[in-house]
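Just below is one structure, and these are the notes that go with it.
All values below were derived from every heavy atom in this structure, side-chain atoms included, with hydrogens, water molecules and symmetry-related copies excluded.
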Amino acid sequence: QKMTNLQRIRLERGLSQSQLAKAANVKLRSIQAYEQKTKDINKAQLQSACKLAKVLSIRPEDLLEGGEE
């Protein structure tokens, strides 16, 4: 299974899921669901995507899946 953009970028930054959750103030369960693709990050609340992106120093659109292949 291909890594999600969230997972790839998180690992590049050397962050665990729980570190990212804490830093972004986003539920750990949400991050796990986005990475396991049980929740679609493209339908995430903009607020959550923005908070994750800010912590990862990326644009929120960099988290979207499926647009770039």
Side-chain angles (χ1 to χ4, degrees):
Q1 181 180 339
K2 194 165 119 355
M3 247 191 251
T4 63
N5 291 333
L6 174 59
Q7 186 176 21
R8 181 178 50 74
I9 296 164
R10 176 179 62 74
L11 292 171
E12 284 170 5
R13 301 291 186 271
L15 292 169
S16 70
Q17 289 179 332
S18 56
Q19 287 170 322
L20 177 58
K22 213 169 275 167
N25 194 24
V26 171
K27 287 193 187 108
L28 174 59
R29 201 176 296 133
S30 294
I31 291 172
Q32 291 168 335
Y34 296 141
E35 292 193 2
Q36 292 159 3
K37 297 184 182 167
T38 54
K39 240 173 131 175
D40 185 357
I41 196 152
N42 297 3
K43 295 190 179 84
Q45 288 182 340
L46 187 58
Q47 191 182 13
S48 296
C50 288
K51 288 193 284 191
L52 291 169
K54 189 174 176 188
V55 170
L56 296 168
S57 304
I58 56 172
R59 301 167 310 162
E61 53 267 33
D62 295 331
L63 293 170
L64 297 179
E65 294 295 333
E68 68 287 330
E69 17 245 319

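The closest side-chain heavy-atom distance from Leu6 to Leu20 is below 4.5 Å.
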Atom pairs and distances, side-chain donor-acceptor, residues 44-51, under 3.5 Å, sequence neighbours left out:
from, atom 1, to, atom 2, distance (Å)
Lys51, NZ, Asn25, O, 3.2

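Annotation: Lys37, atom NZ; neighbour count of heavy atoms from other residues, nucleotides and ligands within 6.0 Å is above 12.
With hydrogens and angles ignored, the 3.5 Å screen pairs a side-chain donor or acceptor of Glu65 with a backbone N or O of Asn5.
Evaluation of the salt bridge (charged side-chain N to carboxylate O under 4.0 Å, His left out) rule for Arg8 yields Glu12 as partners, not counting sequence neighbours. Shown here are the side-chain hydrogen bond (donor to acceptor under 3.5 Å, both in side chains) partners of Ser16, two or more places apart in sequence or in another chain: Ser18, Gln19. Legend: residues meeting side-chain hydrogen bond (donor to acceptor under 3.5 Å, both in side chains) with Asn42, ordered by chain and number and at least two apart, are absent. For Arg13, the side chain to side chain contact (heavy atoms under 4.5 Å, CB included) partners are Ile9, Leu15, Leu56, Ile58, not counting sequence neighbours. Residues passing the side chain to side chain contact (heavy atoms under 4.5 Å, CB included) test with Thr38 are Ala33, Gln36, sequence neighbours excluded.
Results of the salt bridge (charged side-chain N to carboxylate O under 4.0 Å, His left out) test with Glu35 over Lys2, Arg29, Arg10 single out Arg10 as the only residue that passes.
Closest heavy-atom contact between Thr4 and Tyr34: CG2-O, 3.5 Å.
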